[in-house]
Amino acid sequence: MRELIEKIVEEGEVLSEHVLKVDRFLNHQVDPVLMKRIGETFAKTFQNESVTKVLTLESSGISPALMTAYALRVPLLIARKRKSLTLQNDLYTAKVYSFTKQEEIEISVSRSLLHEDDHVVIIDDFLANGQAALGLTEIVKQANAKVAGIGIVIEKAFQDGGTLLRNRGFRVVSLARIASLQGGKVQFAEEVVCP
Ligand code: G4P
């Protein structure tokens, strides 16, 4: 997606050969115009999948996921990383291990909000090792619902997540694919053709 790639070039900061900081438009401050375009692009991508729900994991996935849900006119469901006062029982849960943070968290979604007739698009901001997206697919599976596709804003193609998910048969669409962050430079992989 050209606007996203331009934004990464203009405002992204390479912190190391593994980490790209995008706090100016995605992870901390959010560019709502870009998010709207991202949402519309994902909505077009998955328009023939009879999507009934968009699912993301708090917190940075919420902005692109909300705009996708809005464009598709379906609800957004946000998997929680912590149990909250109102989210305690009757949950679908999955364990997600973060290689980056070297910690395991349990993510959860209320059983009352995901059903076997749901066609779910999973949206997240980054795809690195794929553990967060995989955990979300497990939650969809527990509900006997269908994963209609996975939409990622920025995929780090030099890490294993994309291969892991695609090898499991999921349709993964990433709007920007980064081949390398070596030498302090963002090198993009081939552009993915999106409608
Ligand atoms: P994985 O889910 O693909 O396996 O990723 P990993 O555990 O390695 O990522 C842990 C967190 O770091 C995730 O956010 C992920 O989005 C983020 N992340 C991974 N690589 C990058 C990167 O290069 N740049 C940035 N900016 N973030 C990256 P999180 O802990 O869930 O945070 P948040 O969603 O609450 O903000």
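When a ligand or atom number is given, it counts from 1 through the structure's own listing order. Since the model is a prediction, treat every value here as computed from it, not as a measurement.
- Inclusion of Val19 in the set of residues having an N or O under 3.5 Å from an N or O of ligand 1 is not warranted.
- Residue Val19 is not grouped with residue Val186 when hydrophobic side chains (ILVMFWY) are merged at heavy-atom distances under 4.5 angstrom, including chains of intermediate members.
- Looking only at protein heavy atoms, the nearest one to atom 5 (O) of ligand 1 is Ala128 CB, 3.5 Å.
- At a threshold of 4.5 Å between side-chain heavy atoms, the hydrophobic network of Ile, Leu, Val, Met, Phe, Trp and Tyr places Leu77 and Tyr70 in two separate groups.
- When only non-hydrogen protein atoms are considered, atom 26 (N) of ligand 1 lies nearest to Asn27 OD1, 2.8 Å.
- Note that atom 35 (O) of ligand 1 has protein non-hydrogen atoms nearby, at separations under 4.0 angstrom.
- With respect to atom 17 (C) of ligand 1, the closest heavy atom belonging to the protein is Phe126 CB, 4.6 Å.
- Residues Phe99 and Leu136 fall into different hydrophobic clusters, defined by Ile, Leu, Val, Met, Phe, Trp and Tyr side chains chained together at heavy-atom separations under 4.5 Å.
- Taken from OG1 in Thr41 to CZ in Arg37, the straight-line distance is 4.5 Å, to the nearest 0.5 Å.
- Only the side chain of Lys101 comes within 4.0 Å of ligand 1, counting heavy atoms alone; its backbone N, CA, C and O stay farther away.
- Closest heavy-atom approach to atom 29 (P) of ligand 1 among the candidates Glu155, Glu58, Lys81: Lys81.
- When the shell of 6.0 Å around CZ of Arg111 is examined, it contains more than 12 heavy atoms from other residues, nucleotides or ligands.
- Both the backbone and the side chain of Asn129 come within contact range of ligand 1, each with a heavy atom under 4.0 Å.
- The closest approach between Gly161 and ligand 1 stays at or above 4.0 Å for every heavy atom of the residue.
- Within a 6.0 Å radius of CD in Glu116, no more than 12 heavy atoms belonging to other residues, nucleotides or ligands are found.
- With a 4.0 Å cut-off on non-hydrogen atoms, Leu26 does not touch ligand 1 at all.
- The nearest protein atom to atom 4 (O) of ligand 1, hydrogens excluded, is given as Gln131 N, 2.9 Å; this is a heavy-atom distance.
- Between the side chains of Ser180 and Gln187, no donor-acceptor pair of N or O atoms lies under 3.5 Å.
- Around CD of Glu58, the count of heavy atoms belonging to other residues, nucleotides or ligands within 6.0 Å exceeds 12.
- Polar contact check, Tyr97 against ligand 1: no nitrogen or oxygen pair lies under 3.5 Å apart.
- The single protein non-hydrogen atom nearest to atom 6 (P) of ligand 1 is Thr100 OG1, 3.4 Å, given as residue, atom name and distance.
- Looking only at heavy atoms of the protein, atom 24 (N) of ligand 1 is closest to Leu20 O, 2.6 Å.
- A donor-acceptor pair shorter than 3.5 Å can be found between the side chains of Gln159 and Lys156.
- At the shortest separation from atom 20 (N) of ligand 1 among protein heavy atoms lies Lys156 NZ, 2.7 Å.
- Within a 6.0 Å radius of CG in Asp160, no more than 12 heavy atoms belonging to other residues, nucleotides or ligands are found.
- For ligand 1, the polar-atom distance check against Ser98 finds a nitrogen or oxygen pair separated by under 3.5 Å.
- Considering backbone and side-chain atoms alike, Gly130 places an N or O below 3.5 Å from some N or O of ligand 1.
- Inside a 4.0 Å radius of atom 1 (P) of ligand 1 there is at least one protein heavy atom.
- A cation-pi arrangement is absent between Arg166 and Phe170, since the terminal nitrogen or guanidinium carbon is not both under 6.0 Å from the aromatic centre and inside a 45° cone about the axis.
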